[in-house]
Amino acid sequence: MSTDLSISRATDPCDANPPLLPPRVAEPGTSGACLECRQRHLKCDGRRPCKRCVDSESNCVFVPSRRGQRTHTRGCSQSIAAQEAVSSPGIKRTQQDAGFLAGDCRRKSSFRSATSPALGSLVAWSKFAPRPASAGPRQYRLHPAVSFERCIPSYYHHFHPSHPLVLPQQHLLPRVKEEALQPLLAVMHWVGSKYIAPEMDQQPLLDIARLSVDEAQTKRANGFTVQAMTVLLVALDGTGYPQQAVELLARTKQMALWLGMNYSQFITESKTRSGVLDESWRRTWWELYVLDGMFAGAHRATSFSLFDVPTDVGLPCEEDDYETDQIPEPCSLQDLSDRDLSIKRCDFSSFSYRVLSVQNLGKVMQNHEAAEVDATVHAQLEVLLSSWRHNLPASKRDSLRRDGRPDEMMFQAHMLNHTTSILLHQSRAQLDLAPAQAIDACAPPAAASTTPESDECAAAAAAAAAADHPRVSLHARHVATAANEIGKLMTHRTPLTLHTHFFICAVVLASIVQLSAWSGGGGGGGDDDDDAGVREQVRLCIGALRQMSSVWGLATKALGQVRGVAGHVHFVRTQSRQMEQFLVDVTEEDMMSMFAADTLTLADIGTV
DNA sequence: TCCATCGGAGTGTAAAACAC
DNA sequence: TGTTTTACACTCCGATGGAC
């Protein structure tokens with residue numbers, strides 16, 4: 001402490017040299033020892049940076065002292081929430097979000113303040129762990145199961161293939177001590193922990209990631225901050241904080257545009273002299289672009305605003321080329337648009353087809369927003385979607401690479417194409433969406449029908465489909481096919497948790513279509529085989545959501561809703577069948593006596 | 001022998017409780 | 001309003017054990 005400085009300095013071998021900076025001057029409200037020294041239970045000389053940190057090339061970070069505070073004994077939720085509110089004033093929080101930020105008294109054991117023994121157990125901040133510039137006023141005790149060394153490989157194995165914007169592992173690890181990378185590493189740490197220890201409380205890591213990103217937003221606007229924000233917003237959305245994710249998406253887009261990441265000039269001016277880092281910047285822009293479209297399509301709570309933003313950033317390369325640092329000259333978006341008409345040869349990556357697929361989604365959504373979509377425009381949009389599928393090179397027609405490994409980029413591209421097809425045709429297929437009104441895990445429920453005469457219309461739709469009304473049945477077929485194709489994506493022999501969490505929304509959309517079909521009588525005609533087929537599709541969707549719920553909170557919510565509706569539809573269908581059987585068995589005499597009994601009952605009720 | 005880890009004693013501090 | 005009590009934060013000595 002500052003009071004016994006003279007004694008400790010005289011005996012401390014660290015102070016053998018005369019100090020170049022003034023000896024320990026504890027800033028008001030700041031701890032006397034840096035985090036590194038506190039963690040190691042060693043005497044800190046209080047200089048900034050301190051001698052130990054200089055020698056060990058560690059980040060020398062001083063955080064505000066909480067000495068004397070009693071935040072955990074009374075009104076702890078409030079005080080911590082208030083603290084957090086100050087740390088990131090730009091964020092409007094929902095009640096749920098406030099909960100996830102504040103934690104509560106019951107979680108005390110998992111993030112116990114760093115009283116003396118605890119600091120030594122801060123495994124997260126070990127030698128190679130990221131250290132946010134302000135680790136925040138709270139310290140956390142982390143289980144070794146979620147150590148940095150385990151969580152980062154987990155991130156690359158589970159999450160990175162779905163959103164491959166950050167540097168490949170072998171390029172990132174040598175840079176873990178760079179200040180600019182700390183928020184990104186903190187976010188990756190949290191995301192990686194979600195897969196390896198889903199049963200554990202990941203709140204501490206999430207809090208650290210949030211604090212780190214919040215701070216970076218105000219202090220360090222750079223490409224790595226955009227990457228950290230992008231990864232965080234995806235994971236927040238999947239975890240079940242959609243409002244937070246949407247707000248963060250808006251700020252991330254703002255920062256990316258402010259930095260000029262939509263122009264290749266951003267890369268040339270970065271002067272990275274690293275092909276793989278240049279590629280990482282290209283990917284950051286296009287990932288944000290794709291996510292903007294996915295958010296708009298999946299949640300229908302945002303607009304795909306990046307769709308109209310001018311850009312000349314080259315398209316990302318194949319994943320294998322990125323991993324092996326063999327980055328080819330990037331193809332342009334114009335090349336992609338002209339791909340079948342131009343003489344110029346360009347091998348487009350799976351990521352590029354994913355970009356193209358999300359562009360189609362953007363075009364459909366643009367027209368979707370118009371009150372009435374002209375039939376011609378509607379047909380043109382369908383041509384776009386079909387053309388995308390038909391003109392895929394043979395190697396991109398399924399979601400596997402040449403060597404049989406899954407190609408997540410093409411998986412998502414197909415997923416987007418089928419989802420867009422449902423969005424395009426759903427309203428014209430005149431599905432009876434009433435049974436699925438309770439399913440709002442991804443997006444607010446669609447109107448039960450497109451016209452005010454909804455009930456009549458739904459009934460008419462079923463009748464028209466049964467009579468094979470040419471237009472309605474065509475749209476219904478498109479919707480049913482797309483839902484079945486999404487079903488096929490679920491049957492790939494790849495763990496579903498390795499896919500992007502947006503697949504949950506595709507599964508939910510397919511579930512809604514299947515449930516509508518089921519409640520309307522299977523394939524429309526009430527045939528037993530059709531009925532069993534649709535029922536199996538619903539079961540498949542439930543199974544997929546169950547598997548993904550082991551990681552993503554969003555899937556847990558969707559699972560509950562889809563199962564609830566499926567149970568209700570099953571019940572109604574069973575009752576209806578029993579009634580049909582009853583009507584077949586009953587005689588005319590039985591019927592007349594029942595009517596008489598009913599009339600008497602009604603008369604009794606009337607007199608009461 | 002060196003070095004990293006960490007238990008725990010000693011101390012500091014601000015909130016809460018209490019006295020006047 | 002001033003004083004005392006209390007609970008917790010914080011520092012860092014020194015024991016311990018693993019690596020070389």
Side-chain angles (χ1 to χ4, degrees), chain A residues 1-17 19 21-87 102-150 176-177 204 207-208 211:
Chain A
M1 288 303 302
S2 51
T3 48
D4 63 356
L5 242 187
S6 56
I7 300 166
S8 56
R9 290 181 69 81
T11 55
D12 187 359
C14 293
D15 291 333
N17 299 323
L21 292 167
R24 172 175 291 167
V25 184
E27 289 177 8
T30 305
S31 301
C34 69
L35 284 179
E36 187 77 15
C37 292
R38 280 164 64 179
Q39 181 190 338
R40 295 163 67 185
H41 293 204
L42 296 173
K43 187 171 168 57
C44 181
D45 64 14
R47 291 180 224 162
R48 295 163 194 243
C50 74
K51 190 169 186 306
R52 273 186 219 282
C53 288
V54 171
D55 291 347
S56 62
E57 295 179 11
S58 306
N59 273 342
C60 193
V61 180
F62 288 82
V63 298
S65 169
R66 295 202 307 155
R67 184 173 268 175
Q69 292 177 2
R70 298 182 186 185
T71 51
H72 290 157
T73 48
R74 260 168 241 190
C76 63
S77 304
Q78 285 169 340
S79 66
I80 295 171
Q83 231 171 9
E84 298 286 6
V86 170
S87 76
D104 62 17
C105 306
R106 283 163 296 169
R107 212 184 289 121
K108 186 176 172 183
S109 60
S110 68
F111 69 86
R112 207 182 79 178
S113 273
T115 50
S116 38
L119 256 173
S121 311
L122 283 172
V123 289
W125 312 126
S126 60
K127 198 168 181 180
F128 299 105
R131 217 170 267 107
S134 78
R138 280 182 285 163
Q139 304 295 326
Y140 299 107
R141 182 197 284 274
L142 295 172
H143 193 275
V146 291
S147 67
F148 180 75
E149 289 77 6
R150 291 191 72 202
V176 292
K177 289 194 174 178
D207 284 355
I208 290 168
L211 283 168

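The figures here come from the full heavy-atom set of this structure, side chains too, leaving out hydrogens, waters and symmetry mates.
Pairing each heavy atom of A:Lys43 with each of A:Arg52, the nearest pair is O-NE, 2.8 Å. Of all heavy-atom pairs between A:Ala33 and A:Cys37, the closest is CB-CB, 4.5 Å.
Remark: P of B:dG10 and NZ of A:Lys43 are 18 Å apart, rounded to the nearest angstrom. In this structure, A:Arg38 places its CZ atom 20 Å from P of B:dT11, rounding to the nearest Å. The nearest whole Å value for the distance from the CG atom in A:Leu42 to the C1' atom in C:dT16 is 14 Å.
A stacked arrangement is assigned to A:His41 and the six-membered base ring of B:dC6, with a centre-to-centre distance below 5.5 Å and an interplanar angle below 30°.
Comparing the local axis fitted to the first five base pairs of the helix from B:dT1-C:dA19 to B:dA19-C:dT1 with the one fitted to its last five gives a bend of 0°, rounded to 10°.
In this structure, the nucleotide among B:dA4, C:dC12, C:dG14 sitting nearest to the side chain of A:Arg40 is B:dA4.
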